[in-house]
Enquirer: 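Okay, here's the structure, questions in a sec.
Reminder, nothing fancy here: chain letters follow the sequence lines and each chain counts from 1. What you see below is based on every heavy atom in this structure, not just the backbone, and it leaves out hydrogens, waters and symmetry mates.
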2 protein chains.
Amino acid sequence: MFDEIDPRNPIPLYDQIAARIRMAVAAGDLAEGAALPSVRQLAARLRINPATVVQAYRVLEADGFVEMRQGSGTYVRGVAADRRRRAQEDQAQRLARDLLDEAAKLGIPGEDVVHAVKQELGVRTR
Amino acid sequence: MFDEIDPRNPIPLYDQIAARIRMAVAAGDLAEGAALPSVRQLAARLRINPATVVQAYRVLEADGFVEMRQGSGTYVRGVAADRRRRAQEDQAQRLARDLLDEAAKLGIPGEDVVHAVKQELGVRTR
DNA sequence: CCTAGTGTATTATTACACTAATACACTTAT
DNA sequence: ATAAGTGTATTAGTGTAATAATACACTAGG
């Protein structure tokens, strides 16, 4: 599950880690209540600093995906599926807003953006 | 036209400047061949370093919006409308790609993104 | 010519993000 | 109690982006 983590990737390590775990949760590979590897375990496995793993876990905690319990471990949070779904939609909305802001700054019509997103999505699901 | 430039804004100064000019060009406030303020003029007016203005102009030049002539000045480039249109579409594509990357990282389905963008666009054009 | 004004290039400076290091506090099971 | 394992907190190192400073090269007009 963490085999894709790569320090040479320009995406920050903690982001890569968080992304992997998010996907695992979304895919159901990590069920509610499941324990994540400990900060030190995962750090050792990835040969990175524990603090970096902590940062990844913190991001997930801020999103409500995970709960860190001092002295015990980090666990997948049991949020109702529809609640998580709602959170996803909110995030999608934020991303869309940012995108359109950026596009407006470049003078690109919103319709172009929609079209480009659709096309790009088509390419990926092919 | 440059009254909105603000050093406290987290968006880089050169980006803010470039955005303003891009919009002015798109809106037709700056016609083909029009001279932009000189690097030093604009820097003095905004009380920032000339090099920062240069960076802004460079961004615009890379996009083909503007042409810098050493010893002479910086001018709005007369690109055919369809050529500029093409550039816009390319940029839209790039933005879309980045957006979907980001969404994937968060485990958000592409369809959600498309939906969110459409909705957000609807709100704006209302 | 030559001078004033233009963009150009190179090099600091500064701020911030990322990663790491290290010491601390809590939990759990023995 | 205690030992091993967990997250927590603070601090430091590293790289990079943004801005600034300064000296250079070109252009145009007198």
Enquirer: Would you mind classifying the nucleic acid contact of A:Gln41 as base, sugar-phosphate or nothing, using non-hydrogen atoms under 4.0 angstrom?
Expert: sugar-phosphate
Enquirer: Return a single string for nucleotides 23-30 of chain C, one symbol per nucleotide in 5' to 3' order, where B is base contact, S is sugar-phosphate-only contact and - is none, cutoff 4.0 angstrom on heavy atoms.
Expert: --BBB---
Enquirer: Can you tell me how far C1' of C:dA20 sits from CD1 of A:Ile17, to the nearest Å?
Expert: 13 Å
Enquirer: With A:Arg22, which residues qualify under salt bridge (Lys or Arg N to Asp or Glu O under 4.0 Å), at least two apart?
Expert: A:Asp63
Enquirer: At less than 4.0 Å, is any side-chain N or O atom of B:Tyr14 found next to OP1 or OP2 of D:dT19? Yes or no.
Expert: no
Enquirer: Is any side-chain N or O of B:Thr52 closer than 4.0 Å to OP1 or OP2 of D:dA20?
Expert: yes
Enquirer: Taking the side chain as C-beta and beyond, is there a heavy-atom pair between A:Pro109 and B:Arg85 under 4.5 Å?
Expert: yes
Enquirer: Where the side chain of A:Gln55 is defined as all heavy atoms beyond and including C-beta, which of D:dA9, C:dT19, C:dT8 is the nearest nucleotide?
Expert: C:dT19
Enquirer: Rounded to the nearest Å, what distance is computed from the CD atom of residue B:Glu67 to the P atom of nucleotide C:dT8?
Expert: 10 Å
Enquirer: Take A:Pro50 and A:Ile11, find for each the nucleotide of DNA chain C with the closest heavy atom, and name the residue whose nucleotide sits nearer the 5' end.
Expert: A:Ile11
Enquirer: Please state how far atom CG in B:Leu36 lies from atom P in C:dT6, giving the value in whole angstrom units.
Expert: 12 Å
Enquirer: Which listed nucleotide (D:dA20, C:dG7, C:dT8) is nearest to the side chain of B:Arg58?
Expert: C:dT8
Enquirer: Please state how far atom CG in A:Leu42 lies from atom P in D:dG5, giving the value in whole angstrom units.
Expert: 17 Å
Enquirer: Side chain of A:Glu61, backbone of A:Met68: donor and acceptor closer than 3.5 Å?
Expert: yes
Enquirer: Would you say B:Asn49 places a side-chain N or O within less than 4.0 Å of OP1 or OP2 belonging to D:dA21?
Expert: yes
Enquirer: With a 4.0 Å limit, can you tell me whether A:Ser38 has a side-chain N or O closer than that to the phosphate oxygens OP1/OP2 of D:dT6?
Expert: yes
